[in-house]
Amino acid sequence: MKVVILAGGHGTRIAEESAYKPKPMIEIDEMPILWHIMKEYSYYGFNEFVICAGYKQHVIKEWFTNYFIHNSDVTFDYSNGRSDLTVHKSHMEPWKVTVVDTGLDTMTGGRIKRIQEYVGDEPFFMTYGDGVCDVDISKLLEFHKEHGKIATLTAVLQDQSKGVLDIGGDNAVKSFREKEISDGVPINAGYMVLNPEIFNYIDGDETVFEKSPLEKLAKEGELMSYIHRGYWQCMDNLREKQALERLLKANKAPWKKWD
């Protein structure tokens with residue numbers, strides 16, 4: 001299964017760094033948060049990624065262009081008047097990464113619609129490029145397959161300004177709306193599993209995925225929630241970035257399950 005990651009937004013709330021790079025490329029402990037998210041999925045054996053790029057998308061492409069060299073032992077030989085490169089040892093993940101320019105100002109739903117040809121007619125994972133989580137990806141997928149609905153999202157109990165979920169006793173999402181002040185209910189943390197029928201719910205570039213598509217799915221009984229009671233944290237501002245870095249430096253990052 002492919003993993004689709006939304007990485008095209010401007011990241012205006014962390015402008016200290018997003019003025020120079022897309023928010024998913026902002027580093028926590030010397031590696032982009034995008035890399036951390038990919039390592040999470042890779043830990044569970046999912047190694048094919050489709051990156052929905054947009055704002056400063058060239059930064060993402062250049063980073064992956066150089067990733068192989070930066071993680072290999074190499075010899076540069078100029079002695080014969082040409083540049084010969086020999087790779088002795090590589091420390092690489094078995095990743096296949098497709099970076100797609102989904103437009104500068106395209107909304108989240110539009111970005112997903114634009115990568116339809118790279119996903120094909122099969123289910124796929126989808127998440128946001130600015131949050132980490134210790135959810136069990138294998139169990140999330142198993143849950144999605146068992147209920148047979150079009151979409152599954154991971155729901156967490158956090159005090160954040162994210163989408164609010166009304167969840168029934170059977171874990172079906174009864175309604176979806178944006179969070180209001182003083183809500184104390186589960187929120188959408190991303191880490192979704194989507195069937196290819198999801199593309200029928202997205203009109204085009206102006207579609208906000210968290211609005212009409214998820215709202216319609218909820219009304220039709222096609223949106224399910226996987227309740228996660230563990231760790232989840234987005235990186236919306238400098239304070240949250242620093243908190244993630246402190247966990248990594250203290251070797252206490254819950255999402256870091258790889259060696």
Side-chain angles (χ1 to χ4, degrees), residues 1-6 36-50 52 108-109 112 115-116 118-160 162-179 183-202 209-234 253-258:
M1 281 180 63
K2 297 181 178 66
V3 182
V4 174
I5 304 178
L6 295 179
H36 286 264
I37 296 167
M38 294 171 68
K39 291 286 284 187
E40 293 176 42
Y41 282 95
S42 187
Y43 175 82
Y44 290 97
F46 301 102
N47 294 302
E48 191 166 353
F49 301 91
V50 179
C52 300
T108 50
I112 296 170
I115 55 86
Q116 183 174 1
Y118 299 99
V119 171
D121 190 24
E122 61 182 35
F124 60 97
F125 294 103
M126 194 286 290
T127 195
Y128 304 102
D130 61 356
V132 288
C133 185
D134 64 351
V135 64
D136 189 317
I137 302 295
S138 297
K139 290 183 178 178
L140 170 63
L141 178 58
E142 181 181 355
F143 174 78
H144 177 78
K145 290 179 177 179
E146 287 177 352
H147 65 62
K149 305 296 185 180
I150 293 176
T152 299
L153 55 76
T154 297
V156 296
L157 295 169
Q158 292 267 327
D159 182 19
Q160 300 281 350
K162 305 297 177 185
V164 169
L165 310 175
D166 176 16
I167 300 174
D170 58 353
N171 278 349
V173 179
K174 305 301 182 182
S175 67
F176 187 96
R177 62 178 171 80
E178 287 302 295
K179 182 176 172 63
D183 273 325
V185 293
I187 63 170
N188 171 24
Y191 289 83
M192 302 181 187
V193 188
L194 304 172
N195 288 350
E197 294 91 335
I198 193 66
F199 295 111
N200 298 329
Y201 290 77
I202 304 172
F209 187 66
E210 299 76 16
K211 293 290 188 179
S212 58
L214 290 188
E215 291 168 356
K216 186 176 181 181
L217 285 167
K219 290 178 181 178
E220 295 179 357
E222 291 291 339
L223 177 60
M224 300 292 287
S225 63
Y226 181 79
I227 307 298
H228 177 58
R229 303 186 185 279
Y231 181 85
W232 171 81
Q233 181 60 57
C234 63
W255 70 91
K256 187 180 178 181
K257 297 181 180 180
W258 62 91

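Everything numeric here is computed off the predicted structure, so don't read it as measured data.
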Report summary line: Phe124 meets the ring-ring contact (aromatic ring centres under 6.0 Å, His included) criterion, sequence neighbours left out, with Phe199
Query - Listed partners of Lys149 passing side-chain hydrogen bond (donor to acceptor under 3.5 Å, both in side chains), at least two apart - result: none
Query - Minimum-distance pair of heavy atoms, taken over all atoms of Pro196 and Pro123 - result: CD-N, 3.7 Å
Query raised in the report: Who pairs with Ser42 by side-chain hydrogen bond (donor to acceptor under 3.5 Å, both in side chains), at least two apart in sequence or on another chain?
Result: Asn47, Trp95
Report summary line: Taken in chain and number order and not counting sequence neighbours, the residues that satisfy side-chain hydrogen bond (donor to acceptor under 3.5 Å, both in side chains) with Tyr191 are Glu40
Query - All side-chain hydrogen bond (donor to acceptor under 3.5 Å, both in side chains) counterparts of Glu220, not counting sequence neighbours - result: Tyr201
Query raised in the report: Of the options Val132, Thr154, Leu153, Ile37, which is the one that meets Thr127 in a side-chain contact (heavy atoms from CB on, under 4.5 Å)?
Result: Ile37
Query - Spatial distance of atom CD1 (Ile202) from atom NZ (Lys216) [nearest 0.5 Å] - result: 11.5 Å
Report task. Look at the aromatic rings of His36 and Trp255 and report parallel, tilted or perpendicular, splitting at 30° and 60°. Result -> perpendicular
Query raised in the report: ring-ring contact (aromatic ring centres under 6.0 Å, His included) with Tyr118: which residues, sequence neighbours excluded?
Result: none
Report task. Check whether any side-chain heavy atom of Leu223 sits under 4.5 Å from a side-chain heavy atom of Ile150, and report yes or no. Result -> no
Query - Separation between CG of Asp130 and CG of Leu6, rounded to the nearest 0.5 Å - result: 9.0 Å
Query raised in the report: Only one of His228, Lys256, Gln233 clears side chain to side chain donor-acceptor pair (under 3.5 Å) with Asp134; which?
Result: His228
Report task. Using a 4.5 Å cut-off on heavy atoms from C-beta on, say whether the side chain of Phe49 contacts that of Ile5. Result -> yes
Report summary line: Those residues at least two apart in sequence (or on a different chain) that pass ring-ring contact (aromatic ring centres under 6.0 Å, His included) with Phe125 are Tyr41, Phe46
Query - Residue pair Phe209 / Met126: nearest heavy atoms and the distance that separates them - result: CE2-CE, 3.9 Å
Query raised in the report: Shortest non-hydrogen contact from Ala189 to Val156?
Result: CB-CG2, 3.8 Å
Output a table of donor-acceptor pairs, distance under 3.5 Å, between side-chain atoms of residues 138-146 and any protein atom two or more places apart or on a different chain; print 'none' if there are none.
{"unit_1": "His144", "atom_1": "ND1", "unit_2": "Thr152", "atom_2": "OG1", "d": "2.7"}
{"unit_1": "His144", "atom_1": "NE2", "unit_2": "Asn195", "atom_2": "OD1", "d": "2.8"}

Query - Glu48: partners by salt bridge (charged side-chain N to carboxylate O under 4.0 Å, His left out), with sequence neighbours left out - result: Lys2, Lys96
Report task. Could you check if a side-chain atom of Met192 sits within less than 4.5 angstrom of a side-chain atom of Leu214, using non-hydrogen atoms only? Result -> yes
Query raised in the report: Do you know the tightest heavy-atom contact between Leu217 and Ala151?
Result: CD1-CB, 4.0 Å
Query raised in the report: Who pairs with Tyr44 by ring-ring contact (aromatic ring centres under 6.0 Å, His included), at least two apart in sequence or on another chain?
Result: none
Query - Residues, nucleotides or ligands: over 12 heavy atoms within 6.0 Å of Asp121 CG - result: no
**Report entry** Lys219 atom NZ: more than 12 heavy-atom contacts under 6.0 Å
**Finding:** no
